[in-house]
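Below is one structure; the comments refer to it alone.
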Amino acid sequence: MNYFVNLTWQDTIKDVIDILIVTYIIYHLILLVRGTRAVQLLKGILVLVFIWAVSTWFDLYTLKWLMNQMFTFGVLAIFIIFQPELRRALEQLGRGKLFGRNSADEEEFGKEIGEIIKAVNYLSRRKIGALIVFERDTGLNEYTESGIPMQSIISSQLLINIFIPNTPLHDGAVIVQGHRISAAACYLPLSENPFISKELGTRHRAAIGISEVGDAVSIVVSEETGQISLAIDGQVVRDINEESLISKLYAELGPNSNTKEKRSPFRRRKEAGKNG
């Protein structure tokens, strides 16, 4: 009680700032693990905490001792288990991206979009099937683990080589996380939407499926027609032209994009034909 009696307005402001900073950090940490297998591990940790609380409440000596031992060595286990997420957070912090984007991001993003468009156009002209998925807020580590790790710089040459038929990595999706091609030959969930056009094959269904379970953006190149399609929020725009594709990628993935504001209009669109 003495703390509240002697509390000054400076202390109040300091406490509010302290709470806001901690809340912001926790929020971004949640974004890092959301959509990954780490979520299931966190649920397991919560179950252990609940068991420990019960053992303490009812003074179950043996169970409480066992839980204490687990928590003692559990700190090291957490660092090992969450190593990918922790590394990703530290990388983003080192680049100044955990709490926002800087001006250098815009230039880098523009170069990456140029490389992607160059590769997609090349594959489209030659009717080479391709599927490129871009991670946003919802983590895609669960799906990158199903493919071949790469962690490569985004380049048109690499993307083209990945999707050349009869090569080891051509079958499956490429997943882009941040400024890196994180993995190739990844398996994605197929959409079970009964209203999807029967003309769409496995690649399109996978592109729509990954956008249904999260907020990922996908580019698909059809090997039958060479058409380029864009999938967002469970919807697909088929045969999208280059200008519209670039505009949409900047709107959805660019450094200054606002995911929540950008997604709503697209969500209301019906599955589109050639006219989008």
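These numbers were taken from a predicted model, which means no experiment stands behind them.
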Pairwise distance [atom1]([X]) to [atom2]([Y]) - rounded to 0.5 angstrom:
X      : Y      : atom1 : atom2 : answer
Lys118 : Glu242 : NZ    : CD    : 11.5 Å
Thr202 : Asp171 : OG1   : CG    : 9.0 Å
Gln157 : Tyr122 : CD    : OH    : 10.5 Å
Thr144 : Ile181 : OG1   : CD1   : 13.5 Å
Ile162 : Thr167 : CD1   : OG1   : 8.5 Å
Leu169 : Ile164 : CG    : CD1   : 12.0 Å

Non-hydrogen side-chain atoms of [X] and [Y] separated by less than 4.5 Å:
X      : Y      : answer
Gln151 : Ser182 : yes
Leu245 : Leu230 : yes
Val120 : Val221 : yes
Ser156 : Ile116 : no
Val236 : Val220 : no
Trp65  : Ser55  : no
Lys127 : Thr225 : no
Gln177 : Asn141 : yes

Grouping I, L, V, M, F, W and Y whenever their side-chain heavy atoms are under 4.5 Å apart, do [X] and [Y] come out in a common cluster?
X      : Y      : result
Leu48  : Phe50  : yes
Met67  : Leu46  : no
Leu63  : Val47  : yes
Leu158 : Ile153 : no
Met150 : Ile154 : yes

So which heavy atom on [X] is nearest to which on [Y], and how close?
X      : Y      : result
Ile132 : Phe163 : CG1-CE1, 4.0 Å
Gly178 : Val176 : O-CG1, 3.8 Å
Ala183 : Cys186 : CB-SG, 3.6 Å
Val133 : Ala173 : CG2-CB, 4.2 Å
Ala207 : Leu131 : CB-CD1, 3.7 Å
Ile208 : Ser211 : O-OG, 2.7 Å

Exercise. Would you check, one step at a time, whether the test side chain to side chain contact (heavy atoms under 4.5 Å, CB included) holds for Ile175 with Ile210?
Key: CA-CA 11 Å; Ile175 295 181; Ile210 194 66; over 6 Å; no
More than 12 heavy atoms of other residues, nucleotides or ligands under 6.0 Å from CD1 of Ile148: is that the case?
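Atom CD1 in Ile148 is not crowded, with 12 or fewer foreign heavy atoms closer than 6.0 Å.
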Side chain of [X], backbone of [Y]: donor and acceptor closer than 3.5 Å?
X      : Y      : answer
Thr56  : Trp52  : yes
Asp239 : Gln227 : no
Ser146 : Tyr187 : yes

Check: Taking 4.0 angstrom as the limit, do Lys111 and Glu115 come out as a salt bridge?
Finding: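 Glu115 and Lys111: not salt-bridged.
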Pairs in or reaching into residues 189-210: which pass salt bridge (charged side-chain N to carboxylate O under 4.0 Å, His left out), with residues at least two apart or in two chains?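 Sorted result for residues 189-210: Glu199-Arg238, Arg203-Glu223.
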Between Glu212 and Asn193, does a side chain to side chain contact (heavy atoms under 4.5 Å, CB included) hold up when you go through it step by step?
CA-CA 10 Å; Glu212 289 174 340; Asn193 186 346; 4.0 Å; yes
Ring-face cation of Arg136 near Phe134 (centre distance under 6.0 Å, axis angle within 45°)
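So Arg136 doesn't make the cation-pi contact.
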